[in-house]
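Throughout, a chain's letter reflects where its sequence line sits, starting with A, and its residues are numbered from 1. For clarity, every value in this text was computed on a predicted model and none was experimentally measured.
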There are 2 protein chains.
Amino acid sequence: MNGAARTTAREVARDAVRAMLAEVALDLFRRDGFDNVTINHLAAAAGVSRSTVLRYFGTKEDVVLGALDAHGEQVAVALRARPPDENDWTALRHALDIVVEIYRQDPAAALATTRLVLATPALHTRQWEKQHSWRPALTQALAERGASPRPGAVTLSVRAAAALDCLNIAIAHWAKSDGTLNLADLLDEAFAALTL
Amino acid sequence: MNGAARTTAREVARDAVRAMLAEVALDLFRRDGFDNVTINHLAAAAGVSRSTVLRYFGTKEDVVLGALDAHGEQVAVALRARPPDENDWTALRHALDIVVEIYRQDPAAALATTRLVLATPALHTRQWEKQHSWRPALTQALAERGASPRPGAVTLSVRAAAALDCLNIAIAHWAKSDGTLNLADLLDEAFAALTL
DNA sequence: GCTACGGTGACACCGAGTATCACCTCCCCA
DNA sequence: TGGGGAGGTGATACTCGGTGTCACCGTAGC
């Protein structure tokens, strides 16, 4: 069998190289600015070829934002796990605690990366693209929960989208405070903004 | 004198060329797909040089989305013009009628462009970037209105962001219905999704 | 030991976007 | 009316991100 969960030596090596590349890249990006570091620089600094960098990360942005892809599915799973009697907005708020927890585990790294993303239009944009791709999954998860007469697609999409905006705005303010404010509190404040 | 409002012959010519380029481009994009039309193709089809195309529109995306820049400021102005006793959410909804009206004036063109944008990741992304740049102005407009104890920046930012999401989702569903549904109604439905 | 396969590097290539230069046209002023 | 300046255009060269291809090399498996 040894299906998808099997970790071969090759896969271990791949992950190690990938992590090394990302680390070298983050150092360079933070020091010189994302736009001033070419893929050639990065490859030279990491001791690999340009081809290899592009093979590990499809785009330059994904060197920074590669980890983001997994979060969307995690949030959708968390959303499905919320009690059915919870209203959509409360359920979304709690589902996003997954992300808050990720930030809480390594605030320094999260802060550095967040600053880099917010300071770099290309990264900011790519981050939105990734989060935008979460929306259908969140909308679907909302559609499958709670009382029988569910709202229409427009309503559920808006709620999912607004929740993601709350997350981003809370994170942006958290970064602006140099991580001194509490991210969960900021997220609560953001969510409260739409309970009119 | 003859300040910013003066329209010289040169400016008229510039606008005419710009409009011609955009028209030729839209035809090509819709026929062959945005990604399959290079700037060289476009320039040849319009009978100008590549340099000229790039000079009129800084990027290929802006050939399609050039008109979008003006909308943001219009919405912000409309928002400031709403009665002070209106709550933020209602005021935002009415401010967006400016955009609804633009769509209502030429539904066929709006529908074609919207379809193109939704079908082209690069355009969709660039559209978000432009709309995202409206947010500070909208947040500022919100901060200047209504009762004295105004909410914090997080709250106002979230409201502005959510309103833009409502607009986009309403427009997307309107396009999906081939323009048969009423955009204003869809926008109402979207806004209602967040009155919990 | 031989072979087949995955990872790598080294190209060549394309297209977007930037910068620069020469030319040309039109307008203004002498 | 002739000259000069300014703005628009085309041509060219360049950088860089991203794709595709090919040959090489190590390792795993027979």
For this session: Kindly assign one of parallel, tilted or perpendicular to the pair A:W174 and A:Y103, based on the angle between their ring planes and the thresholds 30° and 60°.
Result: perpendicular

Under a 4.0 Å heavy-atom cut-off, which of [range] touch DNA chain D?
{"range": "residues 14-32 of chain B", "result": "B:R14"}
{"range": "residues 49-59 of chain B", "result": "B:S49, B:R50, B:S51, B:T52, B:R55, B:Y56"}
{"range": "residues 113-130 of chain B", "result": "none"}

For this session: List for me each residue that meets side-chain contact (heavy atoms from CB on, under 4.5 Å) alongside A:A22, sequence neighbours excluded, and say none if there are none.
Result: A:F57

Check whether [X] reaches the backbone of [Y] with its side chain - one donor and one acceptor, N or O, closer than 3.5 Å.
{"X": "B:K130", "Y": "B:G66", "answer": "no"}
{"X": "A:W89", "Y": "A:F191", "answer": "yes"}
{"X": "B:D178", "Y": "B:T180", "answer": "no"}
{"X": "A:N36", "Y": "A:D32", "answer": "yes"}
{"X": "A:H173", "Y": "A:I169", "answer": "yes"}
{"X": "B:D106", "Y": "B:A109", "answer": "yes"}

Separation of atom [atom1] in [X] from atom [atom2] in [N], rounded to whole Å:
{"X": "B:N40", "N": "C:dG15", "atom1": "CG", "atom2": "P", "answer": "8 Å"}
{"X": "A:I39", "N": "C:dC11", "atom1": "CD1", "atom2": "P", "answer": "18 Å"}
{"X": "B:H41", "N": "C:dC14", "atom1": "NE2", "atom2": "P", "answer": "12 Å"}
{"X": "A:D35", "N": "C:dG17", "atom1": "CG", "atom2": "C1'", "answer": "13 Å"}

For [X] versus [Y], what's the shortest heavy-atom pair and its separation?
{"X": "B:L65", "Y": "B:L123", "value": "CD1-O, 3.5 Å"}
{"X": "B:A175", "Y": "B:T114", "value": "CB-CG2, 3.7 Å"}
{"X": "B:A162", "Y": "A:A162", "value": "CB-CB, 4.3 Å"}

Exercise. What pairs with A:D15 under salt bridge (charged side-chain N to carboxylate O under 4.0 Å, His left out), at least two apart in sequence or on another chain?
Worked result: none

Problem set entry | A:E23 atom CD, neighbour heavy-atom count above 12 within 6.0 Å | no

What protein N or O atoms touch nucleotides 24-26 of chain D N or O atoms at under 3.5 angstrom, if any, and at what distances?
none

